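Only one structure is covered here, and it is reproduced in the block below.
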Amino acid sequence: MKLFGRQITLFRPRSIKIRKVVQIFFFVLIGFISINHTLAESGKGIAFLSDASLHALCPFGGVVTIYQYATVGTFVQKIHESSFALMVIGFVLALLFGPVFCGWVCPLGSVQEFFSGIGRKLFKRRFNRILPAKLDRVLRYTRYVVLAWVVYMTAASGTLIFSDYDPYFALFNLWSSELAIGGVIVLAVTLALSLVMERPWCKYACPYGAVLGISNLFRVFKIKRQESTCIACGACSKRCPMNIPVDTQKVVRDHQCISCLECTSEAVCPVADTVNYSTGGVK
Amino acid sequence: MKLKSNVLAISVLVILFGGILLSSGLGWWQTESSKEAATFTEGEFAGMPNPADIRGSYTFGDVQANFGVPAEVLAQAFQVETSDPAAFPVKELEAQYEDSAVEIGTASVRLFVALYTGLPYDLTVETSYLPDSAVQLLQTRELTAEQNDYLASHTVTLDTLAAPEAAVETAPVVEEEESDTFIRGKTTFAEVLSWGVTREQIEAVLGLPMPAENLTVIKDFVLASGLDFESVKTELQAVVDAR
């Protein structure tokens, strides 16, 4: 229907359903591979499924081993060529689509969203708005501190120091002897915080998210808002899991955007063709 | 050009799995370390695999591929009951023999393989024990008097899992899996430095200057320098333990 000369779509889907499907797919896939890795160690692995370790399937492993590979020509312990390949694939995806790995693939992000779904029902309008804006703005950069610490410590020691604190590793090793108490604590805190805010780990601590977030400055496909058709309802900003004020920007270049597309006219924006994911300039 | 969510989803899947297929085709998709043992660099055994390089992550099948010792023989030697001996990880032996008074593990497999194949192995560097089932199999091989003497005092009776008396007296405190400061095959110079050992101490053990890059794996450097890793490891471990 038309309202004040603008095309308004009633009963628009409130979220990108295909994203949920992709997220569940990767969560299940990584979960099965992790279980199969444990089974394979005792000779009971499932033949048709990969039994690779979680380290071998983590693109961030490629990032932390760059220094050692460049200086010595070897990988950090437990990191293999596959991590390097995934790192390159992740960069290609980020160059084209932004941190789509975070918003669509990362199982830890998916689990946080699941917990946030519960939190949203519990806390309603207060959900995802608990931190004062100033504090929140500063804390958003702590993930770069984490990134610097992880890269430096890995380079200095030649060991995968982060795995002892990595909630992603802990999540898929809860049944394994490789489980580190530090990782369990960080995972528990992350999931608890997910009940009051969206993606706390991604916003404040994820070092891989910090790397991919930089791609928001130059990615090919960007979130763009047409000012000429925008009705300033603020729905896009309210829906954004990363609290980005989409309704004040023509092009979203915020380093925290995860390309989830939840703000677009395909999802929450009530006006057709107003918030789009596209290349080219802005009208 | 606008992109809808369905197209983005397909693009992500195609690029991700297409990239994995491509890297696999190019030989870049390796999800585990190479299971190829280091070789002797000099002497009459130059070019042959070194039993001292057998690691816990190897399976009996990997040992067979490297040294020609059948996985079934290894399973028989170490009394491993499995339908697929080739898939049995060497590191699992420690769990199987956890009740033993002395450690039967990766070092035991190194010793067994060396004696079974006749490849060189320094018996003074690493104290290793073998179950009596392994020793019985070795009786069919040509062993030197020194090796026979060693086996006589380093055999564990499986029925009781008791160590020989001499062995109990000299049994080493096993710290490999518990200590964070134990030198392993992948330990780097940077790690040893971080444990408080000085560059000078390391170079004294090596008998030559350390590499410029601290992240170099000690074992790689030692083998590339023509040194015996087990000897260097033992001496360096003593320096680490004495801090």
Side-chain angles (χ1 to χ4, degrees), chain A residues 16-19 21-22 25-26 37 40-45 50-53 55-57 67-68 71-78 80-86 88-90 92-93 96-97 100-101 104-105 155-159 220-221 224 259-261 264 266-267 273 276-280, chain B residues 1-13 15-24 26-34 57 59-61 80 82-89 91-92 95 180 184-194 211-218 220-221:
Chain A
I16 305 289
K17 283 189 180 150
I18 186 72
R19 189 172 76 92
V21 173
V22 174
F25 169 74
F26 280 107
H37 177 68
E41 286 192 327
S42 55
K44 296 171 187 165
S50 169
D51 60 357
S53 71
H55 297 303
L57 299 178
Y67 176 78
Q68 183 163 326
T71 55
V72 189
T74 59
F75 295 112
V76 171
Q77 292 172 22
K78 300 180 182 175
H80 308 289
E81 285 87 343
S82 55
S83 304
F84 241 58
L86 285 172
V88 173
I89 293 167
V92 170
L93 284 171
L96 288 171
F97 308 118
V100 74
F101 183 91
W104 292 67
V105 178
S157 69
T159 57
V220 175
F221 285 90
K224 295 173 181 178
S259 301
C260 64
L261 308 195
T264 62
E266 199 182 341
D273 206 20
N276 293 312
Y277 187 56
S278 62
T279 59
Chain B
M1 184 174 111
K2 288 171 195 162
L3 205 63
K4 293 287 182 188
S5 58
N6 288 345
V7 180
L8 177 60
I10 292 166
S11 303
V12 167
L13 292 172
I15 292 173
L16 192 51
F17 290 108
I20 290 172
L21 273 178
L22 179 66
S23 59
S24 183
L26 294 170
W28 295 343
W29 187 257
Q30 303 292 330
T31 58
E32 55 185 26
S33 303
S34 158
S57 59
T59 61
F60 282 173
V80 173
T82 171
S83 58
D84 186 9
F88 185 82
K91 64 183 174 187
E92 292 291 318
D180 287 329
R184 296 177 173 84
K186 287 202 166 186
T187 304
T188 62
F189 286 103
E191 287 175 82
V192 176
L193 288 168
S194 72
E213 182 47 63
N214 291 347
L215 288 172
T216 304
V217 174
I218 295 173
D220 294 346
F221 178 76

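Throughout, a chain's letter reflects where its sequence line sits, starting with A, and its residues are numbered from 1. Values below: every heavy atom of this structure, side chains too, minus hydrogens, waters and symmetry copies. Here the structure is a predicted model, which is why all the values come from computation and not from measurement.
For the atom pair A/I16 CD1 and B/S5 OG, the distance stands at 4.5 Å (nearest 0.5 Å). In this structure, B/T31 OG1 and A/L57 CG are separated by 7.0 Å, a value rounded to the nearest 0.5 Å. Taking CG of A/L93 as the start and CD1 of B/I15 as the end, the distance is 5.0 Å to the nearest 0.5 Å. The distance from the OG1 atom of B/T216 to the CD atom of A/Q68 is 8.5 Å, given to the nearest 0.5 Å. For the atom pair CD1 (A/I89) and CG (B/L22), the distance works out to 8.0 Å, reported to the nearest 0.5 Å.
Interface check for chain A: of the options B/W28, B/F88, B/F189, B/W29, the most heavy-atom pairs under 4.5 Å are formed by B/W29. Your options are A/V220, A/L86, A/V88, A/V22, and the one with the most heavy-atom pairs under 4.5 Å with chain B is A/L86. Ranked by heavy-atom pairs under 4.5 Å with chain A, the first of B/T59, B/T188, B/L16, B/L26 is B/L16. Your options are B/S23, B/A9, B/G19, and the one with the most heavy-atom pairs under 4.5 Å with chain A is B/A9. Annotation: maximal heavy-atom pairing with chain B below 4.5 Å, among A/A155, A/S50, A/S53, A/G90, occurs at A/A155.
For A/S83, the side-chain contact (heavy atoms from CB on, under 4.5 Å) partners are A/I79, not counting sequence neighbours. Under the ring pair (Phe, Tyr, Trp, His ring centres under 6.0 Å) criterion, A/H55 pairs with A/F169, not counting sequence neighbours.
Heavy-atom distances place the side chain of A/V105, and not its backbone, under 4.5 Å from chain B. Heavy-atom distances place no part of A/F84 under 4.5 Å from chain B, backbone and side chain included. Residue B/K91 touches chain A through its side chain alone, counting heavy-atom pairs closer than 4.5 Å.
Contact between B/V12 and A/V100 at its shortest, heavy atoms only, is CG2-CG2, 3.7 Å. Summarising the geometry of A/H80 relative to B/Q30, their closest heavy-atom pair is CB-O, 3.1 Å, with the distance given to 0.1 Å. Shown here for B/M1 and A/F221, the closest heavy-atom pair between the two residues is CE-CZ, 3.3 Å. When all heavy atoms of B/A190 and A/A156 are compared, the pair lying nearest together is CB-O, 3.1 Å. B/L8 and A/S259 make their closest contact through CD2-O, 4.2 Å (heavy atoms, listed as atom of the first residue, atom of the second, distance).
Relative ring orientation between A/F26 and B/F17 is described as parallel, the plane-to-plane angle staying below 30° on a 0-90° scale split at 30° and 60°.
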